[in-house]
Amino acid sequence: MTADAIKFIMSTMKEKFQKIVESKFGTCADKFCNSIWYIVVMGAACVLSHSFDIPVVGAALLTLLLVPALLFCKNSFVLMPFLMMCSFVLSEKTKPDTGYYNTPARIAVLCILLVFIVIALLFNLIYYGKWKCIFKKSYLTVSLALLTGALLMGGIGAKTFSFGGVGTAIAIAAATILPYALLLNCGQYEGRKTVVYFAWAVIVAALAIGICYLKQYIINDFNLQTYVKGYLALGFVGPNTGAAIVTLALPMTFYLVYIYKRGFLFMLLVALELFIIVASFSRASLVVAVPGTIIVAVALCFKKKEGRRGYLIAFCIAVAAALVFCIVFRHKIYSLLMRLFNRDFTGSGRTRLWKRGFNAFTDNPVFGVGLGFLPFHDYWYYSFHCTPLTYLFCGGIVGFLAYAYHRYRTARLVFSAKLTTERVFTALTVFAMLCNALLDIAMTSPTHLLYYGIMLALIECDAKQAKAQTSPQTKAQIKAGEGVNNSVDGGEVNENISAGEV
């Protein structure tokens with residue numbers, strides 16, 4: 001077969017599929033995948049498969065939902081719900097370490113589903129031309145590469161260096177870099193519409209976790225006297241990491257409170273999310289969520305414009321209810337706090353873990369002890385429950401400097417253009433994750449890092465869009481009445497704005 005024949009066949013196939021994409025079915029599929037209902041259906045599939053211990057069925061349902069998004073949706077941001085909830089199909093009985101998948105039938109089904117996803121993804125990248133720009137250099141490329149390099153070199157020269165730690169470093173890097181590069185360079189950022197879509201994805205994920213917690217409480221007759229976390233262990237997250245994801249939903253729920261005229265109704269969702277965090281008995285999330293909610297709620301009293309009266313009324317009712325609750329149940333609240341913090345506020349062994357890491361770090365301060373120093377907990381890396389210390393102990397001084405540089409670049413990115421509501425609340429969500437990660441494993445957990453990569457992409461896209469709208473060329477277009485396209489197609493807002501110069 002000649003090259004011309006191959007080109008003719010490819011051209012014919014492209015034309016035929018183009019007709020399918022532009023047909024009523026293709027248009028409806030694209031519209032559905034970009035709607036809130038798509039997120040809700042995906043969350044429902046996760047809850048169903050988790051609750052009935054049928055992860056293979058759940059994987060099939062998620063594949064059935066993902067493939068149309070890859071085939072008919074050009075905008076890569078439509079992949080956010082899948083990336084954020086794909087691990088939710090697991091249950092405690094079907095975790096990888098239980099041996100549940102050690103049967104030919106289950107492995108075969110999962111392999112077939114994976115083949116479908118890979119083929120659909122490759123089609124998406126090739127048909128829509130995304131492969132040309134997916135790995136284009138961007139603002140955070142260098143800092144993320146330095147982070148990866150520091151983790152890969154972590155432990156060199158130490159007795160605890162292991163290739164298992166290298167594999168963990170690769171997984172950590174992939175969970176951050178791949179969604180960041182895919183969404184930033186291949187997504188069509190549409191400002192408020194895109195961030196609202198992300199907000200609903202986080203909220204649905206939080207509600208899915210809350211439903212799974214409720215199931216565990218029902219099974220155990222709501223027994224709070226025993227160690228709650230013992231029966232709140234879930235297949236996709238433990239009680240701490242689950243609460244950390246719910247904590248991310250708080251700023252994004254407040255975003256909906258802020259942008260809508262009757263946004264005060266979302267205060268009920270805020271209360272529910274706080275209740276889920278309390279029910280998880282996660283100290284790391286509580287010390288972030290409670291003061292953070294208070295600060296943001298008070299700030300909105302002065303900042304919210306549309307529907308301010310309704311919000312102020314809802315805020316006053318919430319404050320009054322909280323005060324009455326604290327007064328009536330003050331003794332139980334005090335007892336709960338003492339129980340949560342073991343009466344000495346030492347963080348359930350965290351300080352001992354940090355001392356152990358520091359003592360080992362002093363023997364190899366340049367490259368640290370490596371990610372192989374601590375054993376895996378269940379089926380993922382336990383870490384030192386503090387991101388800066390994890391990079392210091394595991395990557396040494398090199399790792400800590402790489403992490404500090406990455407933090408500097410992300411902060412600079414947030415303020416690189418005129419602040420928008422979307423960027424502020426997304427940055428607050430990242431800040432909530434980072435604060436939680438000071439006492440937990442979030443920044444070494446792939447489940448959380450997928451969220452992190454997505455949020456970095458959203459922030460950078462928004463900064464590019466804001467800078468493009470204030471450029472002289474754009475101002476000239478506005479003055480001439482030509483209008484401006486606010487969407488980011490293929491990661492580019494304006495040809496004059498390079499990916500590395502936000």
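Just so it is clear, the values below take in all heavy atoms, side chains as well, and ignore hydrogens, waters and symmetry mates. Since we're looking at a predicted model, the values are computed, not measured.
Of the candidates W200, Y258, F266, T253 forms a side-chain contact (heavy atoms from CB on, under 4.5 Å) with just one, namely F266.
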Query - Test side chain to side chain contact (heavy atoms under 4.5 Å, CB included) applied to I259 and L256, step by step - result: CA-CA 5 Å; I259 64 173; L256 299 182; 4.2 Å; yes

Query raised in the report: Which is it for T194 and F198 under the side chain to side chain contact (heavy atoms under 4.5 Å, CB included) test, yes or no, and what are the steps along the way?
Result: CA-CA 6 Å; T194 301; F198 170 72; 5.9 Å; no

Query - Y127/L71 under side chain to side chain contact (heavy atoms under 4.5 Å, CB included): CA gap, chis, key distance, verdict - result: CA-CA 9 Å; Y127 178 79; L71 295 180; over 6 Å; no

Query raised in the report: How far apart are the C-alpha atoms of L300 and V257, what are their side-chain angles, what is the distance that settles it, and do they pass the side chain to side chain contact (heavy atoms under 4.5 Å, CB included) test?
Result: CA-CA 9 Å; L300 289 188; V257 171; 4.1 Å; yes

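At a threshold of 4.5 Å between non-hydrogen side-chain atoms, the residues Y405 and Y408 count as touching. Side-chain contact between S282 and P239 is absent, with no heavy-atom pair separated by less than 4.5 Å. For the pair C46/L62, a side-chain contact is recorded, criterion being any heavy-atom separation below 4.5 Å from C-beta on. Using a 4.5 Å cut-off on side-chain heavy atoms (C-beta onward), K215 and I211 make no contact. Side chains of Y189 and V195 form a contact here, defined as non-hydrogen atoms less than 4.5 Å apart. Residues L439 and H385 have side chains not in contact (no heavy-atom distance under 4.5 Å, counting atoms from C-beta outward). You'll find the side chain of F222 reaches within 4.5 Å of the side chain of L214, heavy atoms only. Between L438 and P388 the shortest side-chain heavy-atom distance falls below 4.5 Å.
Shown here for M252 and F425, the closest heavy-atom pair between the two residues is SD-O, 3.9 Å. The two residues L183 and C461 come nearest to each other via the heavy atoms O-SG, 4.5 Å. Between L48 and I54, the closest heavy-atom pair is O-CG1, 4.3 Å. Here the closest non-hydrogen pair linking I276 and G210 is CD1-CA, 3.7 Å. Between Y197 and S35 the shortest heavy-atom distance is CE1-O, 3.6 Å. Heavy-atom minimum distance, Y213 versus G242: OH-CA, 3.6 Å.
Between the side chain of K304 and the backbone N or O of Y260 there is at least one donor-acceptor pair closer than 3.5 Å. A donor-acceptor pair is defined here as one N or O able to donate and one able to accept, closer than 3.5 Å; no such pair exists between the side chain of K24 and the backbone of G26. Proximity of a side-chain donor or acceptor of W354 to a complementary backbone N or O of L389 within less than 3.5 Å is not detected. With hydrogens and angles ignored, the 3.5 Å screen pairs no side-chain donor or acceptor of S445 with any backbone N or O of I441.
We find the CD-CG distance between E273 and L250 to be 5.0 Å, quoted to the nearest 0.5 Å. Of the inter-residue distances, the one linking R412 atom CZ with R409 atom CZ reads 5.5 Å to the nearest 0.5 angstrom. Note that CG of N124 is 13.0 Å distant from CD1 of I117, once rounded to the nearest 0.5 Å. Taken to the nearest 0.5 Å, the CE atom of M443 stands 10.5 Å off from the NE2 atom of H448. Note that the CG atom of L65 and the CG atom of L70 stand 11.5 Å from one another [nearest 0.5 Å]. Rounding to the nearest 0.5 angstrom, the gap separating the OG atom in S285 from the CG atom in D440 is 6.5 Å.
Residue F315 qualifies as enclosed at atom CZ: its count of foreign heavy atoms under 6.0 Å is above 12.
Contacts classified as salt bridge (charged side-chain N to carboxylate O under 4.0 Å, His left out) and involving residues 414-432 (residues at least two apart or in different chains) are given here: R192-E422, R423-D462.
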Show which side-chain atoms of residues 172-182 pair as donor or acceptor with protein atoms under 3.5 Å away, not counting sequence neighbours.
{"from": "T176", "atom 1": "OG1", "to": "I172", "atom 2": "O", "distance (Å)": "3.4"}
{"from": "Y180", "atom 1": "OH", "to": "S138", "atom 2": "OG", "distance (Å)": "2.9"}
{"from": "Y180", "atom 1": "OH", "to": "L140", "atom 2": "N", "distance (Å)": "3.2"}
{"from": "Y180", "atom 1": "OH", "to": "E460", "atom 2": "OE1", "distance (Å)": "2.5"}

What pairs of donor and acceptor atoms, side-chain ones from residues 76-84 against any protein atom, are under 3.5 angstrom apart with sequence neighbours left out?
{"from": "S76", "atom 1": "OG", "to": "K130", "atom 2": "NZ", "distance (Å)": "2.7"}
{"from": "S76", "atom 1": "OG", "to": "C186", "atom 2": "O", "distance (Å)": "3.3"}

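No close placement of the Y311 and F264 rings is indicated, their centers lying 6.0 Å or farther apart. You'll find the ring centres of F32 and Y38 inside the 6.0 Å limit.
With no hydrogens or angles considered, no side-chain donor-acceptor pair links T247 and N436 at under 3.5 Å.
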